[in-house]
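If you're wondering where the values come from, they're calculated on a predicted model, not measured in any experiment. Chain A is the first sequence line, chain B the second, and so forth, proteins listed ahead of strands; every chain is numbered from 1.
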Amino acid sequence: MKAALHEWNLAPKEAIALQKELATRLESDDRIAPVTHIAGMDIGFEDNGDTTRAAVVVLKWDPQTAPDLTLVEHVVHREPTRMPYIPGLLSFREIPAALGAFEQLNILPELIMVDGQGIAHPRRLGIAAHLGLWLDLPTIGVAKSRLYGKHDEVGEVRGDWVPLRAGNETIGAVLRSRDKVKPVFVSPGHRISLETSLDWVMRCLGRTKLPEPTRLADRLASRRDQHVKKPQNLLF
DNA sequence: GCGACAG
DNA sequence: ATCTTGTCGC
């Protein structure tokens, strides 16, 4: 791997310049290998934020049994938190830990869903886009709230969606992933189009708001399910 | 100058 | 993100 601590330990000003440069390398057309495994990634914190916990789950994709996905691998990686949360610079705070988790993975997914924005970002390099470039894998950003862009109100039925725009460009979509529930913000990261991103998010939707990959990664990264281990927690 | 602001 | 219990609704 390209070592370089300087790739992550940057002052805000340098980080912003790097984002602009990296954004020009993103591929917005689909360049995806036949999908058999989909990963989900999310970050959580412990020790009052001093420890960053990265969680990655890998689900088996079987068109025959879809939308039922099977959890086939999961990894949790902890390391000291390196910097505070700064809107627009989230990837510099969370990706280093995420890479630690991906390094321990045995199964290489063809697609990754990340808890955060793809190109729906002021400089078009949200955490999903940044991670996709680094791993050179297709990524989709699935955020629970908006960071950037404007949009009209979205219908209340599952599947309804409206474009998320920035000036003339469409940078993502506001998707009603579950009836009457707060919508999610879907935006392509690397090597995937918005249309295909929406297709995959829809295909991975159970009866919950979040698609299975990020829903499970979310639970693994979160502190809550950490102690309880009874019912469906048998998954972990 | 005044808000907005992923996780 | 995280601190935290119960509670309203399908």
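- Distance, A:Lys150 NZ to B:dA4 C1': 11 Å, rounded to whole Å.
- Distances shorter than 4.0 Å separate some side-chain N or O of A:Arg146 from OP1 or OP2 on B:dC5.
- The separation between A:Arg123 atom CZ and B:dC5 atom C1' is 11 Å, rounded to whole Å.
- Remark: of the listed residues A:Asp29, A:Asp136, A:Asp30, A:Asp136 is the sole one forming a salt bridge (Lys or Arg N to Asp or Glu O under 4.0 Å) with A:Arg191.
- Contact annotation: A:Lys144 side-chain N/O to C:dA1 OP1/OP2 distance is under 4.0 Å.
- A salt bridge does not link A:Arg219 to A:Asp42: none of the charged nitrogens lies less than 4.0 Å from a carboxylate oxygen.
- Of the candidates B:dA6, B:dA4, B:dG7, the closest approach to any side-chain atom of A:His121 belongs to B:dA6.
- Here A:Ile127 lies in heavy-atom contact (under 4.0 Å) with a base.
- Ring planes of A:Trp134 and A:Trp8: tilted class, angle from 30 to 60°.
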- Determine which bases of DNA chain B form Watson-Crick or G-U wobble pairs with both distances under 3.5 Å, and write the result as a 5' to 3' dot-bracket string with | for other-strand partners. .......
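- For the OP1/OP2 pair of B:dG7 and a distance below 4.0 Å, the side-chain nitrogens and oxygens of A:Ser145 include at least one atom meeting the criterion.
- Atom C1' of nucleotide B:dG3 and atom OH of A:Tyr148 are separated by 14 Å, given to the nearest angstrom.
- Residue-nucleotide stacking is not present for A:Tyr85 and C:dA1, judged by a side-chain ring centre under 5.5 Å from the six-membered base ring centre and planes under 30° apart.
- Nearest nucleotide to the A:Arg93 side chain, out of B:dG7, B:dA6, C:dA1: B:dG7.
- Between the CZ atom of A:Arg178 and the C1' atom of C:dG9 there is a distance of 11 Å, given to the nearest Å.
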